[in-house]
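Dropping the structure in here first, questions after.
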Amino acid sequence: MLRGGGRRLIGTHAMKGYCLPELIVSVGIGLVVIAMAFHVVGDLEGRFRGQHRGMAMEQDARLGLAVFAQEVMSAATDSVDGTVLRRAEPSVLEFRANVNGLETVLTEAALAGQGELIVQDGSEWQGGKLVRLCAQGRCYESRLAKDGQRLRLSLATPLAETLPAGTEVAVMNQVRYYVLPGTRGTFKLMRQIDGGANTLIGDLHTVDFDYRDAYGRSTLDVRRMKIVRLSVSVGSERRRITQEVGLRL
């Protein structure tokens, strides 16, 4: 401090930092950057989930088509007219097959007019099921009158002819594949075994049955069909998957 004519000077210090408007702008920019980052992360996560869902749907479709192929390959020839497929249309396929592999043999000859069969193993055979008995190139069909026993099967109708020991006996399931509308404009492939139905593959954009003869030509005549081709499309990219099966004649 100076006395007299001197002036009193108060020291000042330079203030460094942001003023309020600059701070508001900086915070705003930061929030925009954070929002953009969250948007990018969310978009990537959505794409990842979509790709994962698409891969899962495609895998389910391939597994379903594998089941379809296995059962069509095991389709049995009709004992009367010699056809394999009982019904074959653009959206429906029906045939008979031993789906659960229930097979046995006669351990004793079964005489004409007889309704009781002595077999190697008849357990777990349900009453009412259609059974086929084949020997020496000929087959005979009947239904079980009741549940099978360990060494015995009972037929609903007596045998029309004598069958020798060693005759093969197998359950014949009625198998039906058909298409139904799903959700959001999609379709589902249904699988029905002896009356009980369930969805084999869902969320399909297209389902196409195609039948071919021995020369690869398309046909709807079950007597000429040699190949069954099932095509489906799945996922957002509508990836097309085709399963081709040759009929066992």
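Numbers for residues simply follow the sequence, beginning at 1. The basis for the numbers below is simple: all heavy atoms, side chains too, and nothing from hydrogens, waters or symmetry mates.
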Give a yes-or-no answer on whether the side chains of Glu89 and Tyr178 include a donor-acceptor pair shorter than 3.5 Å.
no

Tightest non-hydrogen contact, residues Leu220 and Ala88, listed as CD2-O, 4.0 Å

Do the non-hydrogen side-chain atoms of Val119 and Glu108 ever get within less than 4.5 Å of each other?
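With C-beta onward as the side chain, the pair stays apart.
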
Can you confirm whether Met225 sits close enough to Arg212 that some side-chain heavy atom of one is under 4.5 Å from a side-chain heavy atom of the other?
no

Other residues, nucleotides, ligands: >12 heavy atoms within 6.0 Å of Arg238 CZ
no

Assess whether a salt bridge exists between Arg223 and Asp213, defined as any Lys/Arg side-chain N lying under 4.0 Å from an Asp/Glu carboxylate O.
no

Please report the shortest heavy-atom distance between Ser142 and Thr157, naming the atom on each side.
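It is OG-OG1, 3.2 Å.
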
Please report the shortest heavy-atom distance between Glu71 and Ala97, naming the atom on each side.
O-CB, 4.0 Å

From CA spacing to verdict: salt bridge (Lys or Arg N to Asp or Glu O under 4.0 Å), Glu94, Arg86
CA-CA 5 Å; Glu94 293 182 4; Arg86 302 177 67 83; 5.9 Å; no

Has the side chain of Thr104 got a donor or acceptor atom that lies under 3.5 Å from a matching backbone atom of Asp121?
yes

Consider side chain to side chain contact (heavy atoms under 4.5 Å, CB included). Of Thr83, Val84, Leu85, which one does Asp78 pass it with?
Thr83

Judged by modelled atom types alone, do Asp221 and Thr219 share a side-chain donor-acceptor pair under 3.5 Å?
no

Verify, without hydrogens or angle tests, whether Asp194 (side chain) and Gln174 (backbone) share a donor-acceptor contact under 3.5 angstrom.
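Yes; judged by distance alone, with no hydrogens or angles, the pair exists.
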
For a 4.5 angstrom cut-off between non-hydrogen side-chain atoms, does Val245 reach Gln243?
yes

Do the rings of Phe68 and Tyr177 sit parallel, tilted or perpendicular, given the 30° and 60° boundaries?
perpendicular

Does CD in Glu161 sit with more than 12 non-hydrogen atoms of other residues, nucleotides or ligands closer than 6.0 Å?
yes

Would you check if the side chain of Gln114 reaches a backbone N or O of Leu111 as a donor-acceptor pair within less than 3.5 Å?
yes

With a 4.5 Å cut-off on side-chain heavy atoms, are Phe187 and Leu180 touching?
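Answer no - side chains too far apart.
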
Is the closest side-chain heavy-atom distance between Lys188 and Ile201 below 4.5 Å?
no

Can you measure from NZ (Lys226) to OH (Tyr211) and round to the nearest 0.5 angstrom?
16.0 Å

In terms of side-chain heavy atoms, does Gln120 have a donor or acceptor partner in Thr107 at a distance below 3.5 Å?
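Side chains of Gln120 and Thr107: no pair found under 3.5 Å.
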
Taking Gly235's backbone N and O only, do any of them form a donor-acceptor pair with His205's side chain (distance below 3.5 Å, no angle check)?
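Judged by distance alone, yes, a pair lies under 3.5 Å.
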
Answer with yes or no whether the hydrophobic clustering places Ile241 together with Leu230; edges join I, L, V, M, F, W, Y residues whose side-chain heavy atoms lie under 4.5 Å apart.
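Yes; tracing contacts between hydrophobic side chains, which count when under 4.5 Å, links both residues.
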
Are the side chain of Asn173 and the backbone of Ile193 linked by a donor-acceptor contact shorter than 3.5 Å?
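Flag not set: sc Asn173 to bb Ile193 has no pair under 3.5 Å.
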
Between the side chains of Glu244 and Arg229, is the shortest nitrogen-to-carboxylate-oxygen separation below 4.0 Å, so that they form an ion pair?
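Yes, this pair counts.
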
Val234, Val67: one ILVMFWY side-chain cluster at the under-4.5 Å cut-off?
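Yes, one cluster joins them.
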
Does the pair Asp208 and Arg240 meet the rule for a side chain to side chain contact (heavy atoms under 4.5 Å, CB included), with working shown?
CA-CA 11 Å; Asp208 300 307; Arg240 194 169 183 83; 3.1 Å; yes

Starting from the C-alpha separation in whole Å, work towards a yes-or-no answer on side chain to side chain contact (heavy atoms under 4.5 Å, CB included) for Gln126 and Leu144.
CA-CA 7 Å; Gln126 296 180 5; Leu144 295 180; over 6 Å; no

Is it true that Val222 and Val72 fall in one hydrophobic cluster, defined by side-chain heavy atoms closer than 4.5 Å?
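In one cluster: yes.
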
Does Ile118 belong to the same Ile/Leu/Val/Met/Phe/Trp/Tyr cluster as Val131, with side-chain heavy atoms less than 4.5 Å apart forming each link?
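Unlinked, Ile118 and Val131 end up in two clusters.
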
Atom of Ala112, atom of Thr162 and distance for their closest heavy-atom approach:
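The pair with the smallest heavy-atom distance is N-OG1, 3.1 Å.
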
Where Arg132 and Thr77 come nearest, the two heavy atoms and their spacing
NH1-O, 2.7 Å

Ring-face cation contact, Tyr140 with Arg138, 6.0 Å cut, 45° max:
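No; the conditions do not both hold, so Arg138 does not lie above the ring face of Tyr140.
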
How long is the gap from CZ on Arg152 to NZ on Lys146, to the nearest 0.5 Å?
8.5 Å

Indicate yes or no: at least one non-hydrogen side-chain atom of Leu117 is less than 4.5 angstrom from one of Leu155.
yes

Are Leu102 and Leu130 connected, step by step, through hydrophobic side chains (Ile, Leu, Val, Met, Phe, Trp, Tyr) whose heavy atoms are closer than 4.5 Å?
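Different hydrophobic clusters.
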
Nearest heavy-atom pair of Ala76 and Arg248: which atoms, and what distance?
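Minimum heavy-atom contact is CA-NH2, 4.4 Å.
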
Let me see the working for Arg191 and Leu189 under side chain to side chain contact (heavy atoms under 4.5 Å, CB included), right down to the final yes or no.
CA-CA 7 Å; Arg191 173 177 176 262; Leu189 179 64; over 6 Å; no

Short N-O contact, Asp60 and Arg62, less than 4.0 angstrom
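Between Arg62 and Asp60 there is no salt bridge, as every charged N stays at least 4.0 Å from the carboxylate O atoms.
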
Side chain to side chain, Asp210 and Ser218, heavy atoms closer than 4.5 Å:
yes

Are the side chains of Arg96 and Glu141 in contact, using a 4.5 Å heavy-atom criterion?
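Of all side-chain heavy-atom pairs linking Arg96 with Glu141, at least one is under 4.5 Å.
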
Any chance you could measure Leu65, atom CG, to Leu63, atom CG, to the nearest 0.5 Å?
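Here the rounded value is 9.0 Å.
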
When rounded to the nearest 0.5 angstrom, what is the spacing between CD in Glu103 and SG in Cys134?
10.0 Å

